[in-house]
Q: 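Take this structure first; my questions come after.
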Amino acid sequence: VQLQASGGGLVEPGGSLRLSCAASGFTLDYYGIGWFRQVPGKEREGVACISSSDDSTSYDDSVKGRFTISRDNGKNIVYLEMNNLKPEDTGVYYCATPGPRGFGRCTLTPGANEYWGQGTLVTVSS
């Protein structure tokens, strides 16, 4: 099970980015996937997640209305569309999944996710 996050970069406040989480070694259709972020000195926090069982989504309050998580099962990719970015959105973004033990559900709790991709850095600054 491998996940690879990409799409990070430097963007000005109010700008947009789209992150991608590509899976290999397994089919995303069956697993919930989440996006998490971490800044130095702070705990890793859940941002958004999408379940495979019913495509239901969950978002942290700080990103509701600005971020959208979606999946393309044909491409085996989960996206995180980030709009109206703020400096406090800066951090390293990771995608992760609980794997089979999640039974298709996703969770914003980092410790409940077993498989992690490497991070992609998002910097929001003028």
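What you see below is based on every heavy atom in this structure, not just the backbone, and it leaves out hydrogens, waters and symmetry mates.
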Q: Output yes when a side-chain donor or acceptor of Arg44 lies under 3.5 Å from a complementary backbone atom of Pro110, and no otherwise.
A: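 Answer holds: no.
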Q: Show the nearest heavy-atom pair for residues Asn84 and Arg66, with the distance to one decimal.
A: O-NH1, 3.0 Å
Q: For Ala23, is there any backbone N or O sitting under 3.5 Å from a side-chain donor or acceptor partner on Asn76?
A: yes
Q: Using 4.0 Å as the upper bound for N to carboxylate O, is an ion pair formed by Asp61 and Lys64?
A: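 Counted as a salt bridge, because a side-chain N and a carboxylate O are separated by less than 4.0 Å.
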Q: Determine the minimum heavy-atom distance between Arg71 and Val78, stating which atoms define it.
A: CB-CG2, 3.9 Å
Q: Is it the case that the side chains of Asn83 and Ser16 hold a donor-acceptor pair, with the cut-off being a distance below 3.5 Å and no angle test?
A: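 Yes, a side-chain donor-acceptor pair sits under 3.5 Å.
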Q: Could you go through the side-chain contact (heavy atoms from CB on, under 4.5 Å) check for Met82 and Val63 one step at a time?
A: CA-CA 9 Å; Met82 306 187 295; Val63 306; over 6 Å; no
Q: Could you tell me whether a side-chain N or O of Ser51 sits under 3.5 Å from a main-chain N or O of Cys106, the two making a donor and an acceptor?
A: yes
Q: Any donor and acceptor pair, going by atom type alone, linking the side chain of Ser52 with main-chain N or O of Asp29 inside 3.5 Å?
A: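 Yes.
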Q: Show the numbers, then the answer: is there a side-chain contact (heavy atoms from CB on, under 4.5 Å) between Trp35 and Asp60?
A: CA-CA 10 Å; Trp35 283 98; Asp60 183 77; over 6 Å; no
Q: If you count heavy atoms of other groups shown closer than 6.0 angstrom to CD of Glu43, is the number above 12?
A: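 No, CD of Glu43 has 12 or fewer neighbouring heavy atoms, counting only those of other groups under 6.0 Å.
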Q: Can you name the nearest heavy-atom pair linking Phe36 to Thr107, along with the distance?
A: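 Reported closest heavy-atom pair: CZ-O, 3.5 Å.
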Q: Can you see which heavy atom on Leu17 is nearest to which on Val122, and at what distance?
A: CD1-CG1, 3.9 Å
Q: Any donor-acceptor pair under 3.5 Å linking the side chain of Tyr59 with the backbone of Ile69?
A: yes
Q: For Ile33, does its backbone N or O pair with a side-chain atom of Thr97 as donor and acceptor, under 3.5 Å?
A: no
Q: Has Gln118 got a side-chain atom pairing as donor or acceptor with Ala5's backbone, closer than 3.5 angstrom?
A: yes
